Trainee: 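Let me begin by handing over the structure; questions about it come next.
Whatever order the structure lists ligands and atoms in, that order sets their numbers, starting from 1. None of the values given here were measured: they were computed from a predicted structure.
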Amino acid sequence: MPSTEEQAQQLAEAFRGTDKIVIFTGAGISTESGIPDFRSPGGIWTKYKPVMYSEFLASEDARKRYWIYKKEGFADFAAATPNAGHKAIVELEKRGMLQALITQNIDGLHEAAGNSTPLIFELHGTERWVDCLECGRRYPRAEIQKWLEAGTEVPLCESCNGIMKPATISFGQHLPEDVLTNAVVNCESCDAFLVIGSSLQVQPAANLCAIAKDAGAWVGILNRDKTPYDALVDWRSSESAGAVLSAMIEFL
Ligand code: NAD
């Protein structure tokens, strides 16, 4: 098994000389910032059953359950700051090597680290805002947290009394068409595609690495646990994302 340093060298080798790198991130890049992922032991889905979008719309009880885990998870999001992995991706952009940054994360840490907004494709939306599903009024998520902590169980819009939901994509909700189309176009036109910290279990996002591979790109996976796509790719590492990515920058 190659050392962390050797794996970082291999990754730098794959990236060197191209300005068409597409990075695809999942919850695993943010665990080193203190935000738990969903499927590892202790993750949110080991404690709560996810609420489907249709249930959220149909049932007050489902909305109560949904806001309980949103309320509980907020402290981790609010306290988190970008880690070495996020910063390494900013460095790729500074060096003119990053074509696109596709993320399943809703924590906003890529933007906070300094990646440019037009390069970031947030497939699953963002936790930084809460939208009224009736009139579209948008509230900062931190403001809604204050309501929840003051005892509100299901926040309703101050303008129209409509149901509100964080600007994230729930299970059973369609991904934003334009964001997904742009992500696919980038996968089809990149030289190198790297998955970082995703179990690659949520479709259609997980299949983007197969699209990049079919289009002829070098494809790598940097993820602690196995994924269903491991056999398909050119490079694979189970090391800590932050350690490999920061060392990789040194070898570029
Ligand atoms: P996941 O929880 O299914 O998988 C995360 C993967 O990251 C795991 O396979 C784990 O082995 C790996 N991992 C964890 N820490 C790592 C580290 N330090 N280095 C390398 N690998 C590490 O996550 P997913 O595939 O992104 O799917 C979860 C869904 O939940 C996403 O759609 C996302 O929207 C959402 N989510 C987002 C956040 C966030 O925004 N930070 C957090 C939890 C969940």
Trainee: Do Glu55 and Arg65 meet the salt-bridge criterion of a basic N to acidic O distance under 4.0 Å?
Mentor: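 Salt bridge flag = yes for Glu55 with Arg65.
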Trainee: Looking only at the side chains, is there a donor atom on one of Glu239 and Thr4 sitting less than 3.5 Å from an acceptor on the other?
Mentor: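 There is such a pair between these side chains.
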Trainee: Measure the distances from the heavy atoms of Glu32 to every atom of ligand 1 and state whether one is below 4.0 angstrom.
Mentor: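 In this structure, Glu32 qualifies as a contact of ligand 1 - some heavy atom is under 4.0 Å.
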Trainee: Applying a 4.0 Å heavy-atom criterion (strictly less than), which segment of Asp225 is in contact with ligand 1: side chain, backbone, both, or neither?
Mentor: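 The answer is both.
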Trainee: How about Tyr139 and Trp147: are their ring centres within less than 6.0 Å of each other?
Mentor: yes
Trainee: To the nearest 0.5 angstrom, please state how far the CG atom of Asn83 sits from the CG atom of Leu109.
Mentor: 7.5 Å
Trainee: Nearest non-hydrogen atom to atom 20 (C) of ligand 1 belongs to which of Glu122, Arg224, His110, Gln201?
Mentor: Arg224
Trainee: Pro36 near ligand 1, heavy-atom distance under 4.0 Å?
Mentor: yes
Trainee: In ligand 1, which numbered atoms sit nearer than 4.0 Å to a non-hydrogen atom of Gly197?
Mentor: 5 (C), 6 (C), 7 (O)
Trainee: Counting each atom of ligand 1 from 1 as listed, which ones have a heavy atom of Ile106 under 4.0 Å away?
Mentor: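 Once the distances to Ile106 are compared, the set is 39 (C), 40 (O).
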Trainee: Is it true that Arg128 and Glu122 have a side-chain N and a carboxylate O under 4.0 angstrom from each other?
Mentor: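 Looking at Glu122 together with Arg128, the answer is yes, because their closest N to O distance falls below 4.0 Å.
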Trainee: Any heavy-atom pair between the side chains of Phe77 and Ile35 that's under 4.5 Å?
Mentor: yes
Trainee: Nearest heavy-atom pair of Ser198 and Thr227: which atoms, and what distance?
Mentor: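 Looking at all heavy atoms of both residues, the shortest contact is O-CG2, 3.7 Å.
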Trainee: For residues Asp107 and Ser30, is any side-chain donor paired with an opposing acceptor at under 3.5 Å?
Mentor: yes
Trainee: Using 4.0 Å as the upper bound for N to carboxylate O, is an ion pair formed by Arg63 and Glu60?
Mentor: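 So Glu60 pairs with Arg63 through a salt bridge.
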Trainee: If we set the cut-off at 4.0 Å for heavy atoms, which region of Glu127 has an atom near ligand 1: side chain, backbone, both, or neither?
Mentor: neither
Trainee: Would you mind checking if Arg95 and Glu91 are paired as a salt bridge, meaning a charged N to carboxylate O distance below 4.0 Å?
Mentor: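 A salt bridge is present here (some side-chain N lies under 4.0 Å from a carboxylate O).
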Trainee: Can you list the ligand 1 atoms lying under 4.0 Å from a non-hydrogen atom of Ser30?
Mentor: 41 (N)
Trainee: Backbone, side chain, both or neither: what part of Ser198 comes under 4.0 angstrom of ligand 1, heavy atoms only?
Mentor: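 For Ser198, the contact with ligand 1 is made by both the backbone and the side chain.
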Trainee: Give the numbers and elements of all ligand 1 atoms closer than 4.0 Å to a heavy atom of Gly26.
Mentor: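 Once the distances to Gly26 are compared, the set is 26 (O).
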Trainee: Look at atom 12 (C) of ligand 1 and find which of Val195, Thr31, Ile196, Asn223 reaches it with the closest heavy atom.
Mentor: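 Comparing heavy atoms across Val195, Thr31, Ile196, Asn223, the nearest one to atom 12 (C) of ligand 1 lies in Asn223.
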Trainee: Does ligand 1 have an atom that lies less than 4.0 angstrom from a heavy atom of Lys226?
Mentor: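 Outside the 4.0 Å threshold, so no.
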Trainee: Find all atoms of ligand 1 within a distance of less than 4.0 Å from any non-hydrogen atom belonging to Ala27, and give their numbers and elements.
Mentor: 23 (O), 24 (P), 26 (O), 38 (C), 42 (C), 43 (C), 44 (C)
Trainee: I'd like to know whether NZ of Lys213 has more than 12 heavy-atom contacts from other residues, nucleotides or ligands below 6.0 angstrom.
Mentor: yes
Trainee: Could you see which bit of Asn105 sits under 4.0 Å from ligand 1, with heavy atoms only: side chain, backbone, both or neither?
Mentor: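 The answer is both.
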Trainee: With heavy atoms under 4.0 Å as the rule, classify the contact between His124 and ligand 1 as side chain, backbone, both or neither.
Mentor: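 The answer is the side chain.
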Trainee: Please list, in number order, the atoms of ligand 1 under 4.0 Å from a heavy atom of Glu239.
Mentor: 19 (N), 20 (C)
Trainee: Could you tell me whether some N/O pair between Ile35 and ligand 1 is separated by less than 3.5 angstrom?
Mentor: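 N/O-N/O distance under 3.5 Å: no.
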Trainee: Any atoms of ligand 1 less than 4.0 Å from a non-hydrogen atom of Ser240? List them with their elements.
Mentor: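 Atoms satisfying the 4.0 Å criterion: 19 (N).
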